[in-house]
Amino acid sequence: MKKLMMLFLLLSFICFGEEKTNPQKSYEVIQMEEINFLKTQLIKSNNKIDDLSEKIEKLEYKEENNFT
């Protein structure tokens with residue numbers, strides 16, 4: 001009887017005992033991910049600003065040359 005109970009406990013532990021849970025990220029890891037995301041967004045914004053600035057300069061140059 002004891003062997004049967006041990007077998008039952010072992011099987012139930014194998015089937016139900018090990019829950020696959022996602023480990024919680026630490027607060028520091030979440031902060032670093034957020035900082036990296038914001039840095040990436042800032043770089044993208046700066047690149048867009050640079051591109052727009054170049055386009056504006058080209059248009060201004062063309063406009064100046066059209067009047068002469």
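All heavy atoms count here, side chains included; hydrogens, waters and symmetry mates do not.
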**Message:** Could you check whether atom CD of Glu34 has more than 12 heavy atoms from other residues, nucleotides or ligands sitting under 6.0 Å from it?
**Reply:** no

**Item:** Distance in Å, Lys58 NZ paired with Lys55 NZ, rounded so as to fall on 0.5 Å steps
**Value:** 8.5 Å

**Asked** Knowing that exactly one of Leu42, Asn47, Thr40 qualifies, which makes a side chain to side chain contact (heavy atoms under 4.5 Å, CB included) with Lys44?
**Response** Thr40

**Prompt:** How many angstroms lie between CD in Glu28 and CD1 in Ile35, if you round to the nearest 0.5 Å?
**Reply:** 11.0 Å

**Message:** For Tyr61 and Glu57: C-alpha separation, side-chain torsions, deciding distance, then whether side chain to side chain donor-acceptor pair (under 3.5 Å) applies.
**Reply:** CA-CA 6 Å; Tyr61 179 75; Glu57 287 176 5; over 6 Å; no

**Request:** Show your reasoning for whether side-chain contact (heavy atoms from CB on, under 4.5 Å) applies to Phe37 and Gln41.
**Result:** CA-CA 6 Å; Phe37 173 76; Gln41 295 302 316; 3.3 Å; yes

